[in-house]
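In what follows, a structure is listed as structure tokens, so that the remarks can point back to it.
Every number for a ligand or one of its atoms is a count from 1 in the order of the listing.
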Amino acid sequence: MSTVAPAPPSLRRTLVLRQTILLTLLLVMIGATQFVVLRSVLLHTTAASLRSEVAVLEPIIHHSLTRNRPAGFSALAAILLERLHAPGVEVIIANRYGMLMASSSTVPQGLPPPAPTGYALWQGRVVVSAALGPPRHPLGTLWLLTGAGPLWTILRRDMEVYGLLSLLALTATAVMGLISVNRSLAPLQRMLKATSRIAAGNYGTTADLAGAPEELARLGEAINTMSRAVADAFAGERASQEQMRRFLADASHELRTPLTAIRGFLSLLDAGELDAAESATALAAMRQQTARMQRLVESLLTLSRLDASPETQVHPQALDLAAWLAGLAPTLTGLYGEGRVAVQAQPVTVWADPERMQEVLFNLLDNAHRYTPPGQPITVTAAREGNQGVLTVADRGPGIREADLPHLFERFYRGDRGRSRHQGGAGLGLAIVRASVEAQKGTVSAANRSDGPGALFRVVLPLAAPHAVTASAARS
Ligand SMILES: Nc1ncnc2c1ncn2[C@@H]1O[C@H](COP(=O)(O)OP(=O)(O)OP(=O)(O)O)[C@@H](O)[C@H]1O
Ligand SMILES: [Mg+2]
């Protein structure tokens with residue numbers, strides 16, 4: 001048996017309902033109080049007016065009783081009955097033994113309860129009573145009665161008017177409450193729509209928060225920020241997936257080229273159609289392609305290690321760039337020839353890994369050497385700029401096209417593809433340079449020389465802390 005969870009009550013209905021219930025309770029309480037107070041006032045006023053009638057007759061009663069008692073009591077009863085007779089007022093007089101002496105009441109029998117102060121309610125009438133004769137030895141009791149019907153009519157009318165007004169107030173409150181709650185909750189409604197759209201996959205959707213009260217505005221702002229963050233995260237994820245896909249495609253492509261060449265040479269060798277000289281050439285070509293593949297695989301490995309944990313791949317130390325370059329002079333001459341690389345270095349001690357810096361420098365020099373016509377110098381400088389050390393490599397080659405500049409450090413990016421392919425690069429050298437420099441907390445940038453043709457690469461590194469410099473000087 002499946003049970004369907006009841007739909008939760010709507011906030012709007014709940015708010016209006018609560019407000020209306022509260023007002024109803026208040027109105028009922030006010031109505032009840034008003035009823036009790038008005039009833040009491042009406043009864044007291046009626047009783048007071050009856051009592052004032054008796055007070056007017058007090059001298060007559062006194063006079064009659066002192067002049068001819070006791071036989072005068074029945075005469076007095078008759079006089080009183082006549083004097084007090086008035087429309088809507090009934091009179092009952094009894095002697096001290098409780099015998100009815102005179103009555104204008106329509107109640108067939110019985111005497112009302114005594115009400116010497118205040119009033120009593122008896123047979124649908126308001127009753128007041130007064131003792132006749134001396135207070136210590138009264139000769140009888142006088143009752144004045146008046147029907148309570150008109151009082152109840154006044155009370156009922158009052159309650160009817162009050163009820164009607166209350167009903168109007170309740171309706172107006174409910175309607176106005178609904179309008180005001182609707183208005184206040186409109187931004188919430190918009191937020192609900194926005195979150196539904198986000199849940200449906202439309203990341204980045206935001207709610208319009210115009211006119212929202214502070215609490216709702218804050219909630220809405222949080223939702224909007226979250227939505228933008230999710231959209232950014234998804235975009236980033238997509239971009240990195242696309243980057244990875246491109247990287248794999250490029251890597252596969254780069255590896256396939258030498259593999260295809262090797263397979264071609266192998267099938268020629270297999271067929272036994274090559275003479276000794278041709279076989280030697282094929283083997284040499286295969287060795288060259290294998291070396292190319294190895295370089296490629298090593299480059300990829302370097303990059304993936306730097307990607308995975310840059311911190312563990314560098315071992316920085318205080319490195320005086322001028323001394324380091326001086327130490328590399330024989331290697332530079334050996335690799336690029338006498339006088340090809342001109343070094344102009346000021347003493348500057350940076351915080352860097354000498355092994356990694358050598359990789360950076362040779363990648364930059366390889367490129368410079370590749371593009372610079374023979375006889376033109378490649379310049380390497382080292383200097384301090386503020387609280388940074390700067391290493392530059394400048395050449396006299398054709399320079400870099402503006403369109404290539406933003407992409408130069410991307411993996412497998414080769415500026416002028418035809419020329420680069422001819423020159424043999426895979427487009428990983430500068431990507432390794434950047435990964436390596438950044439792992440050493442530095443930055444690298446490329447530009448064209450301002451003084452004529454040629455490219456200029458700048459590697460900026462943090463200076464070594466003074467105590468590290470002292471320690472490394474002590475070691476050496
Ligand atoms: N000194 C330079 N002068 C002109 N263009 C350059 C220079 N250095 C790099 N480039 C351009 O930048 C591209 C990327 O260089 P990068 O070193 O990353 O790759 P590569 O040299 O082509 O291959 P690899 O370094 O992997 O053997 C080059 O293909 C070239 O177009
Ligand atoms: Mg290169």
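Ligand 1 has a nitrogen or oxygen under 3.5 angstrom from a nitrogen or oxygen of Gly429. The shortest N/O to N/O separation between Arg370 and ligand 1 falls below 3.5 Å. Considering both main-chain and side-chain atoms, Ala426 comes within under 3.5 Å of ligand 1 through a nitrogen or oxygen pair. An N or O contact shorter than 3.5 Å links Leu428 to ligand 1 by distance. At least one N or O atom of Leu430, backbone or side chain, sits closer than 3.5 Å to an N or O atom of ligand 1. At a 3.5 angstrom cut-off on N or O pairs, Gly415 counts as close to ligand 1. Between Asn363 and ligand 1, a contact under 3.5 Å exists for no N or O pair.
The closest approach between Arg295 and ligand 1 stays at or above 4.0 Å for every heavy atom of the residue. Every heavy atom of Phe409 sits 4.0 Å or more from the atoms of ligand 1. In this structure, Gly427 has a heavy atom closer than 4.0 Å to ligand 1. At a 4.0 Å cut-off, at least one heavy atom of Gly399 sits close enough to ligand 1 to count as contact.
A distance-only check finds a donor-acceptor pair linking the side chain of Arg51 to the backbone of Pro116 [under 3.5 Å].
Between Glu215 and Arg218 there is no salt bridge, since no side-chain nitrogen of the basic residue lies less than 4.0 Å from a carboxylate oxygen of the acidic one. A salt bridge links Arg245 with Glu242: the closest approach of a Lys/Arg side-chain nitrogen to an acidic carboxylate oxygen falls below 4.0 angstrom. Checked for salt-bridge contact, Glu254 and Arg411 miss the test: no charged N lies under 4.0 Å from a carboxylate O.
Side-chain contact check for Gln440 and Asp353: no donor-acceptor pair (N or O, by modelled atom type) lies under 3.5 Å. For the 3.5 Å distance criterion, the side chains of Thr205 and Ser227 fail to qualify, holding no donor opposite an acceptor.
Looking at Ile400 against ligand 1, only its side chain comes within 4.0 Å, counting heavy atoms. When heavy-atom distances to ligand 1 are checked against a 4.0 Å cut-off, Asp395 comes that close only through its side chain, counted from C-beta outward.
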Chi angles and distances behind the side-chain hydrogen bond (donor to acceptor under 3.5 Å, both in side chains) call for Tyr413, Asp404: CA-CA 9 Å; Tyr413 189 82; Asp404 290 337; 2.6 Å; yes
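Close contacts of ligand 1 with Tyr413, meaning ligand atoms under 4.0 Å from a residue heavy atom, involve 13 (C), 14 (C). Within the listing of ligand 1, atoms 11 (C), 12 (O) sit less than 4.0 angstrom from a heavy atom of Leu408.
Between Phe412 and Phe247, the two ring planes are tilted [angle within 30° to 60°].
Residue-environment remark: CZ (Arg39) stays at or below the threshold of 12 foreign heavy atoms within 6.0 Å.
For the Mg ion (ligand 2), the set of nearby N, O or S atoms under 2.8 Å includes one belonging to Asn367.
Side chains of Thr20 and Thr173 form no contact here, defined as non-hydrogen atoms less than 4.5 Å apart.
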